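Let me begin by presenting the structure, written as structure tokens, before commenting on it.
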Amino acid sequence: MALIVHKYGGTSMGSTERIRNVAKRVAKWARAGHQMVVVPSAMSGETNRLLGLAKELAPAKSDDSYSRELDALAATGEQASSALLAIALQAEGMQAVSYAGWQVTIKTNSAYTKARIESIDDQKVRADLNAGKVVIITGFQGMDEGGNVTTLGRGGSDTSAVAIAAALKAHECLIYTDVDGVYTTDPRVVPEARRLHTVSFEEMLEMASMGSKVLQIRSVEFAGKYKVPLRVLSSFTAWDIDIDDEAKSGTLISFEEDENMEQAIVSGIAFNRDEAKISVLGVPDTPGIAYQILGAVAEANIEVDVIIQNISKDGKTDFSFTVHRNDFAKTLELLKSKVVPALGAQEVTGDAKICKVSIVGIGMRSHVGIASKMFGVLAEEGINIQMISTSEIKTSVVIDEKYMELAVRALHKAFDLDQPVN
Ligand code: ASP
Ligand code: MG
């Protein structure tokens, strides 16, 4: 008997029929002798619908009083789906109880719309489990010190599930979603993409942060920190498939680089089109320049990703970096109006039509020549590299957006990711 956490995404909870399926699946696990905690998302589309209503009444604002109400509003989506799931489980003959985050309590800080979990009180949950109940806990939300309802950011139910699994020291946290696992790359771009049976937590972190949108990145960070074994699997299999097969399906995000781990050097190709490139040209090459440019950007709460500074010529240098596309106009404006005049730089240019393509693999630690192989593949396709950044287990390039699919396909093939590894 083990304590297991299941998390179901919005599509898995998308209708009463699907909720009934979830209930049957959870009941199967409970009847197999497991203690079950279930963390559902809101029914698909519900969070958007609720936030849309708010926008109809008042345009988005960033003040706390508005954000507080947004959280109070958005949190109702999960409260409804959790209660519905409890009702469906009871209809299956199970004892089930649902709790909102504030009832557990899941304590968070007060950063509305992007709160962070600080602690979880497991007493009530444990008592219910010991009494033989299935416990359902709303995803996405908690309560701050002042008793206000908070939410964890879009996609935050993943993080709720992992945090709850960590607090309860669950045997495993199973994330049921509309894909059947983590792939070597997006199968819509490369039909030959393979599902990975296991991926290390570090690789997953790199892939999640770079656009493999299977899991909210914070949930992966959490899983890493608290060593919660995490499995991503499909909720669209028949609910009554064999439980042992189900328990082995999907992709396990593991911590040990154990023997069974697939030993590919590159495990996956990640890509995203969410970034834009900004260059500040003709900057005087003196100490403090990077700080002046990026400090101003950071102060405006804009996140910077890839950064490069050229060698200087005649005491001047060029400085380029990428930001999220949503922040592109704001960053350009900020640099033009404030930073460039203060610095005496020549000009600021920007390009939103870029993409970032990355190869990811823990095998890169112990193998040389992987990055150069990547550059060779891109050269062969005639793709120009605009920026490069590397970490121990990842090499990323920024290229023209129109070559993204070509680059991903070529790299996927060159690193043999379409071949089964054993
Ligand atoms: N319902 C929330 C959202 O749509 C949280 C989640 O689904 O994880 O972002
Ligand atoms: Mg999600």
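Quick caveat: nothing in here was measured; it's all calculated off a predicted structure. For ligands, and for the atoms within them, numbers begin at 1 and follow the listed sequence.
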message = Check contact between E78 and ligand 1, using heavy atoms of the residue and a distance below 4.0 angstrom.
response = yes
task = Please could you name the atoms of ligand 1 that R154 approaches to less than 4.0 Å, counting only its heavy atoms?
result = 3 (C), 4 (O), 9 (O)
task = Using atom types as modelled and distance alone, determine if a side-chain donor or acceptor of Q419 lies under 3.5 Å from a backbone N or O of D416.
result = no
Per-atom contacts, ligand 1 versus S41 - under 4.0 Å to a heavy atom = 6 (C), 7 (O), 8 (O)
task = Identify whether NZ of Lys or CZ of Arg in K373 sits under 6.0 Å from the centre of the six-membered ring of F415 and within 45° of that ring's axis.
result = yes
query = In terms of side-chain heavy atoms, does N272 have a donor or acceptor partner in R325 at a distance below 3.5 Å?
reply = no
ask   = If you measure only the distance, is there a donor-acceptor pair under 3.5 Å linking the side chains of S82 and T138?
value = no
key: Side chains of Y176 and E246, donor plus acceptor under 3.5 Å   = yes
note = For S157, the atoms of ligand 1 under 4.0 Å from one of its heavy atoms are 5 (C), 6 (C), 7 (O), 8 (O)
message = Using a 3.5 Å cut-off on N or O atoms only, is T47 in polar contact with ligand 1?
response = yes
inquiry  = With a cutoff of 4.0 Å, is G155 in contact with ligand 1, counting heavy atoms of the residue only?
reply    = yes
ask   = Just one of T105, D128, I106, I136 clears the side chain to side chain contact (heavy atoms under 4.5 Å, CB included) bar with Y99, so which one?
value = D128
query = If you measure from each heavy atom of G156 to ligand 1, is any distance below 4.0 Å?
reply = yes
